[in-house]
Amino acid sequence: FIGYLTAYQPDKLAVPLNQRLIKNTVHSYHQWLMQQVNGRTAFYYLDHLLMISKVLLPQADFRWFSQLVRQTEKRFPYPVRKEKKAHIKDTRLLMSLGLGLMKKAKAMTSRINSITSYRDGLIIALLSARPLRRRTLGLIEVGNHLLKENDRWYLSFEAGDLKNRQPIDYTWPEPLVEPLEFYLQKIRPQFCNAGKHSFLWASNKGDPLTADGIYQRVCLQTEKAFG
């Protein structure tokens, strides 16, 4: 919520808490969340914010907030678990999805949507060619794990970075070299505070994109594409 206010309503940071947690502001935050994460995750964020709000402002009337949380939960119920095989997609489909997201991102008029979609597309395309665990994917730092040598990019992981405790090097997929360099030069610098850390995947919140954040974004984009 603070990250959202910092990016979109910075004036609210200077007012008392009871003037930040008002209906219009929270509803705007809810709409923004629905564009960033899947519906169930948005519910979790809202529910957590409501819980904290009641603790910090025990005298406030948050019935409108509770109603919003209940409506979101009802709209996005906890999913019934399906067979894992039903979720497995051909790597060619994932590569196509990733490349498509990056292409569409360049034509978007919204800067936030554009850089977020491009980043998501690059992540999905990379995963189709190099099936890394999300924790490992989230650890990648430019100059540490992502390295360039003789005009070639590669990923290098030490034993402690991987579940099997075996160091390994990957060449960066050749079809994704140009998209990677465009991301590093044009896209990544547009994320808030991206210049203050060396992690490859930046987020709109001003911090590196976490392993859970990567998972949520991949789920969101693949659900939109494949259902």
Side-chain angles (χ1 to χ4, degrees), residues 35-38 84-159 161-164 166-191 194-195 197-204 208-227:
Q35 296 177 353
Q36 304 301 314
V37 298
N38 63 51
K84 187 175 181 179
K85 288 184 179 179
H87 294 283
I88 297 176
K89 299 296 178 183
D90 189 301
T91 56
R92 291 171 295 182
L93 288 177
L94 293 175
M95 177 63 81
S96 178
L97 172 60
L99 294 174
L101 284 171
M102 288 187 283
K103 182 178 180 180
K104 291 178 181 178
K106 292 182 178 181
M108 291 180 175
T109 56
S110 167
R111 183 185 65 84
I112 294 296
N113 290 342
S114 175
I115 63 177
T116 301
S117 293
Y118 193 96
R119 179 204 61 200
D120 294 351
L122 184 58
I123 290 173
I124 291 170
L126 175 61
L127 285 173
S128 74
R130 301 289 183 267
L132 300 169
R133 292 178 177 274
R134 59 182 174 182
R135 175 185 174 275
T136 304
L137 196 62
L139 287 175
I140 298 176
E141 292 186 70
V142 181
N144 185 8
H145 306 95
L146 177 63
L147 304 164
K148 188 176 185 181
E149 185 175 305
N150 298 327
D151 295 324
R152 296 190 66 183
W153 290 92
Y154 64 96
L155 293 167
S156 180
F157 297 103
E158 298 180 356
D161 297 328
L162 302 169
K163 186 176 181 179
N164 63 6
Q166 296 294 321
I168 194 169
D169 291 342
Y170 293 103
T171 56
W172 187 270
E174 186 61 32
L176 300 180
V177 169
E178 185 175 335
L180 169 66
E181 293 180 342
F182 184 82
Y183 172 78
L184 291 174
Q185 295 168 12
K186 302 294 185 180
I187 302 296
R188 187 181 178 280
Q190 296 186 60
F191 284 97
H197 65 80
S198 58
F199 287 91
L200 178 59
W201 312 117
S203 79
N204 294 320
L209 191 64
T210 65
D212 286 342
I214 290 172
Y215 174 76
Q216 291 167 5
R217 294 302 303 177
V218 170
C219 285
L220 177 67
Q221 297 290 6
T222 52
E223 284 175 8
K224 283 183 179 179
F226 307 123

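Just so you know, these numbers use all the heavy atoms, side chains as well, and skip hydrogens, waters and symmetry mates.
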Atom of Gln221, atom of Asp120 and distance for their closest heavy-atom approach: NE2-OD2, 3.0 Å

Interatomic spacing from CG in Leu127 to CE in Met95 - rounded to 0.5 Å: 10.0 Å

Non-hydrogen atoms of Ser203 and Leu209 that approach each other most closely: CB-CD1, 4.0 Å

Intermediate values then yes/no, side-chain contact (heavy atoms from CB on, under 4.5 Å), Leu94 and Phe226: CA-CA 10 Å; Leu94 293 175; Phe226 307 123; 4.0 Å; yes

Single hit among Leu132, Ile124, Ile123 for side-chain contact (heavy atoms from CB on, under 4.5 Å) with Ile214: Ile123

Mutual orientation of the aromatic rings belonging to Tyr170 and Phe157 [parallel < 30°, tilted 30-60°, perpendicular > 60°]: perpendicular

Sequence-distant partners of Glu181, salt bridge (charged side-chain N to carboxylate O under 4.0 Å, His left out), two or more places apart: Lys148

Heavy-atom pair of closest approach, residues Met102 and Leu176: CE-CD2, 4.3 Å

Heavy-atom pair of closest approach, residues Leu147 and Ser156: CD1-CB, 4.2 Å

Full working for side-chain contact (heavy atoms from CB on, under 4.5 Å) between Leu180 and Leu200: CA-CA 10 Å; Leu180 169 66; Leu200 178 59; 4.2 Å; yes

Min side-chain heavy-atom separation Arg130-Leu137 under 4.5 Å: no

Option from Leu101, Leu99, Leu93 for which side-chain contact (heavy atoms from CB on, under 4.5 Å) with Leu97 holds: Leu101

Aromatic Tyr118 / basic Lys186 pairing, under 6.0 angstrom, 45° off normal: no

Within-4.5 Å side-chain heavy-atom neighbours: Phe191 and Asn204: yes

Closest approach of Trp172 to Leu122 (non-hydrogen atoms, all atoms of both residues): CZ2-CD1, 4.2 Å

Over 12 non-hydrogen atoms of neighbours within 6.0 angstrom of CZ in Phe182: yes

Whether Thr116 side chain and Asn113 backbone form a donor-acceptor pair below 3.5 Å: no

Ring center gap for Tyr183 and Trp201 short of 6.0 angstrom: yes

Atom pair CG (Leu139) and CG (Asn144), whose distance is rounded to the nearest 0.5 Å: 9.5 Å

Lys104 side chain reached by Ser117 side chain, heavy atoms, under 4.5 Å: no

Reported CZ-to-OG distance for the pair Arg188 and Ser198, which is rounded to 0.5 angstrom: 7.0 Å

Non-hydrogen atoms of Ser114 and Ala105 that approach each other most closely: OG-O, 2.6 Å

Residue pair Arg134 / Val218, side-chain heavy-atom distance below 4.5 Å: no

Atom pair CD1 (Ile187) and CZ (Arg111), whose distance is rounded to the nearest 0.5 Å: 10.0 Å

Between CD on residue Gln35 and CD1 on residue Ile112, distance to nearest 0.5 Å: 10.5 Å

